[in-house]
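To start, the structure itself, in structure tokens.
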2 protein chains.
Amino acid sequence: MSDAPDAKPVGAGRQLLFLREEELRLAQDLLFFGYRDFTAGPDAILAELGMGRAHHRVLHFVGRRPGITVGELLAILGITKQSLGRVLTPLVEEGYVTQQPGRNDRRQRLLSLTEKGEALERRLFERQREWVMQAYREAGPVAVEGFRRVMRGLMGPEARAQLDRASGGAPGSASGGAPGGKRSAA
Amino acid sequence: MSDAPDAKPVGAGRQLLFLREEELRLAQDLLFFGYRDFTAGPDAILAELGMGRAHHRVLHFVGRRPGITVGELLAILGITKQSLGRVLTPLVEEGYVTQQPGRNDRRQRLLSLTEKGEALERRLFERQREWVMQAYREAGPVAVEGFRRVMRGLMGPEARAQLDRASGGAPGSASGGAPGGKRSAA
DNA sequence: GATAATGTGTCAATGAAGCTGACCCAACAC
DNA sequence: GTGTTGGGTCAGCTTCATTGACACATTATC
């Protein structure tokens with residue numbers, strides 16, 4: 001079930017210089033439905049706690065880079081300080097995230113997850129892990145690698161740079177090849 | 001936590017039965033950034049017209065299935081009648097969408113795009129086409145097919161059914177194989 | 001040492017996009 | 001004639017984003 005039969009229908013390698021209309025329509029649908037259902041699991045958990053997707057994003061990125069500054073987090077999320085505040089402040093007050101002054105620059109508030117925060121992040125994480133694992137298993141390893149390459153291509157240059165930074169400085173690890181991304185900026 | 005010395009790239013075919021932590025973290029990042037930047041282009045156009053992403057979705061799905069009923073559209077979008085109304089009513093009033101009573105059941109309002117609506121939808125479409133085409137070209141045909149398979153796997157069963165229906169009754173056309181997908185429902 | 005410039009927090013107002021509940025009307029079905 | 005269905009609408013609420021303005025502590029600079 002992993003590999004496509006001889007069907008070879010839509011022809012991924014047809015004539016990529018001109019993206020046929022139906023091919024893009026399909027991509028639009030896939031991204032809309034796929035992203036929606038991908039986030040549905042965590043959303044349900046968060047709703048019980050009176051939180052939303054924005055809280056998850058903060059937990060996710062703070063968990064990935066403990067000690068991140070508020071400014072860095074703002075840059076990653078691409079939102080304003082005020083928008084972040086409305087999500088971050090409650091997370092701190094309810095004991096999911098801690099702030100400690102930076103050692104070099106004491107104006108900074110370095111953010112980290114508390115045990116409580118890590119526990120919640122992990123709970124959300126596990127929910128998504130199962131979902132993604134299922135999709136990966138159905139699709140097979142080759143498809144997974146392709147998925148990563150395409151998704152990376154859909155990202156703007158800034159997001160790519162952030163991703164590389166967040167991934168711990170192994171830039172090409174996800175894209176395999178295709179380094180040339182000279183995207184014209186979103 | 002960010003450094004994984006053992007990391008020989010990411011190895012899509014490593015051991016898919018247990019999705020390694022970093023693999024899912026990567027998927028989360030890819031989907032977040034990728035989806036955001038995928039929608040950024042149309043969002044900018046829509047903002048100039050005082051519209052949002054929700055309007056685009058209506059234009060998209062009505063454009064795909066002219067004569068769709070309100071109820072079908074609601075099922076596809078997965079939102080409430082009131083939420084749709086707030087988006088659809090202005091679209092009708094401003095001449096992007098037309099409603100005409102159904103021939104069999106005159107209670108129904110069959111939705112279609114006007115010329116103005118088609119023009120806007122096409123403008124949004126072209127913007128995304130270039131973006132996606134660039135990503136497809138960088139990634140290559142094999143990756144594109146993999147992308148489709150994984151995205152389809154991320155969708156819940158209902159979304160898959162809707163996708164197949166919307167695609168004009170060629171169910172396996174995108175996924176190749178993997179029909180089984182007994183997903184436990186979102 | 002006085003004066004920027006930064007990093008962060010916060011108040012107030014606004015908008016987009018979702019939600020629920022309640023109610024209405026026209027048309028179909030029995 | 002009665003009940004159900006497809007659709008519309010009013011009222012109110014929530015989340016997540018926005019802008020503008022201001023406050024405060026700290027660092028950097030002249």
Side-chain angles (χ1 to χ4, degrees), chain A residues 32 35-37 39-40 42-62 67-93 97-112, chain B residues 32 35-36 39-40 42-62 67-94 97-112:
Chain A
F32 170 60
Y35 188 74
R36 189 187 62 180
D37 293 348
T39 54
D43 283 355
I45 296 176
L46 290 158
E48 294 173 6
L49 301 170
M51 298 196 246
R53 207 171 291 178
H55 301 81
H56 187 192
R57 291 201 279 261
V58 170
L59 292 173
H60 172 75
F61 286 110
V62 171
I68 191 176
T69 68
V70 171
E72 289 170 335
L73 190 52
L74 286 175
I76 290 175
L77 294 175
I79 61 176
T80 61
K81 190 173 45 169
Q82 296 89 324
S83 295
L84 176 60
R86 236 180 2 115
V87 174
L88 182 57
T89 302
L91 283 173
V92 172
E93 286 171 352
V97 174
T98 52
Q99 299 172 311
Q100 37 183 335
R103 63 287 112 163
N104 298 329
D105 187 336
R106 285 190 330 232
R107 288 171 305 183
Q108 295 177 331
R109 260 74 160 185
L110 305 186
L111 305 173
S112 304
Chain B
F32 171 60
Y35 188 74
R36 191 187 61 180
T39 54
D43 283 354
I45 296 175
L46 290 158
E48 293 173 7
L49 300 171
M51 298 195 246
R53 208 171 290 178
H55 300 82
H56 187 190
R57 290 202 280 262
V58 169
L59 292 173
H60 172 75
F61 286 110
V62 171
I68 191 175
T69 68
V70 171
E72 289 169 334
L73 189 54
L74 286 175
I76 289 175
L77 294 174
I79 60 177
T80 62
K81 189 173 46 167
Q82 297 89 323
S83 295
L84 176 61
R86 240 176 2 130
V87 175
L88 182 57
T89 303
L91 282 174
V92 172
E93 285 173 353
E94 293 170 34
V97 174
T98 53
Q99 298 171 312
Q100 40 183 333
R103 64 285 113 167
N104 296 330
D105 187 338
R106 284 191 331 234
R107 288 171 305 179
Q108 296 176 332
R109 261 75 162 186
L110 307 185
L111 305 173
S112 305

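Chain identifiers are assigned alphabetically (A, B, ...) following the order of the sequence lines, protein sequences preceding nucleic acid strands; residue numbering begins at 1 within each chain.
- Between B/Ser112 and B/Gly67, the shortest heavy-atom distance links the atoms OG-N, 3.4 Å.
- For the pair A/Arg109 CZ and C/dG7 P, the computed distance is 13 Å after rounding to whole Å.
- Rounded to a whole Å, the CD atom of B/Gln108 is 14 Å from the C1' atom of D/dT4.
- Regarding B/Leu88, its CG atom lies at a distance of 10 Å from the C1' atom of D/dG8, rounded to whole Å.
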Exercise for review: Any chance you could list the contact pattern along nucleotides 17-24 of chain C? Use B for base contacts, S for sugar-phosphate-only contacts and - for none, protein heavy atoms under 4.0 Å, 5' to 3'.
Suggested key: BBBBBB--
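- Between A/Leu49 atom CG and D/dT14 atom P there is a gap of 17 Å when expressed in whole angstrom units.
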Pick out the pairs of N or O atoms, protein on one side and nucleotides 26-30 of chain D on the other, that lie under 3.5 Å.
residue	atom	partner	partner atom	Å
D/dT26	O2	A/Arg107	NH1	3.2
D/dT27	OP1	A/Arg106	N	2.9

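- A cation-pi arrangement is present between A/Arg36 and A/Phe32, with the terminal nitrogen or guanidinium carbon under 6.0 Å from the aromatic centre and inside a 45° cone about the axis.
- Each of A/His56, A/His55, A/Arg57 was scored for a side chain to side chain contact (heavy atoms under 4.5 Å, CB included) with A/Val87, with one residue passing: A/His55.
- Of all non-hydrogen atoms in B/Pro90 and B/Gly85, the two that sit nearest each other are CD-O, 3.8 Å.
- The shortest heavy-atom contact between A/Leu73 and A/Leu111 is CD2-CD1, 3.8 Å.
- The distance from atom CD of B/Gln99 to atom OG1 of B/Thr89, rounded to the nearest 0.5 Å, is 7.5 Å.
- Distance, A/Glu48 CD to D/dT14 C1': 17 Å, rounded to whole Å.
- The interatomic distance linking B/Leu74 (CG) with D/dT5 (P) rounds to 16 Å, in whole Å.
- A close approach under 4.0 Å does occur between a side-chain nitrogen or oxygen of A/Thr89 and OP1 or OP2 of C/dT10.
- The shortest distance between the side-chain N/O atoms of A/Gln99 and the OP1/OP2 oxygens of C/dG9 is below 4.0 Å.
- For the pair A/Leu73 CG and C/dG7 C1', the computed distance is 14 Å after rounding to whole Å.
- Look at CG on A/Leu91: it is 13 Å from P on D/dT15, rounded to the nearest Å.
- For B/Arg106 (side chain) and B/Asn104 (main-chain N/O), no donor-acceptor pair under 3.5 Å exists by modelled atom type.
- Residues meeting the side chain to side chain contact (heavy atoms under 4.5 Å, CB included) test with A/Arg86, sequence neighbours left out: none.
- Nucleic acid contact for B/Gly71: sugar-phosphate only, since backbone atoms but no base atoms lie under 4.0 Å from a heavy atom of the residue.
- The CG atom of B/Leu84 lies 11.0 Å from the CD1 atom of B/Ile76; values are rounded to the nearest 0.5 Å.
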